[in-house]
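Below is one structure; the comments refer to it alone.
Just so you know, these numbers come straight off a predicted model, no measurement behind them.
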Amino acid sequence: NRELERSLNMKLQKCQKKRKKYVEMYAEDLITKEELNEETYNIAFALLYFFLINVIIKRELRKKNEIQILPLCQSLFEF
């Protein structure tokens, strides 16, 4: 299911860019260390979530060769 994998990779890249933006904002004293840590936690949680959903989907694909939870998972990825 290459479309799903591509979608997950795009979400990963989006999270990485967001993290970089916050690090740059912190370096320029635009946000506090606490705000940086909070955003880092949120981004790490999102990445973990994407990873776990990917594992669940791959497991389901192996079981059934079809996926029924894909629409639900895609809606959960919206930011």
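Between the CG atom in L52 and the CG atom in L47 there is a gap of 11.0 Å [rounded to 0.5 Å]. For the atom pair K14 NZ and F50 CZ, the distance stands at 8.0 Å (nearest 0.5 Å).
K18 is listed as a side-chain neighbour of E39, based on a closest heavy-atom distance under 4.5 Å.
Pairing each heavy atom of C15 with each of I43, the nearest pair is O-CG2, 3.7 Å.
The side chain to side chain donor-acceptor pair (under 3.5 Å) pairs that include a residue from residues 19-30 are R19-T40, where partners are two or more places apart or lie in different chains.
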(Q) Please evaluate residues I53 and Y49 with respect to the criterion side chain to side chain contact (heavy atoms under 4.5 Å, CB included), reporting the C-alpha separation (whole Å), side-chain torsions for both, the decisive distance (0.1 Å), and the verdict. (A) CA-CA 6 Å; I53 292 297; Y49 178 78; 3.9 Å; yes
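Placement of F45 and F51 in two distinct hydrophobic clusters is found when ILVMFWY residues are connected by side-chain heavy-atom separations under 4.5 Å, directly or transitively.
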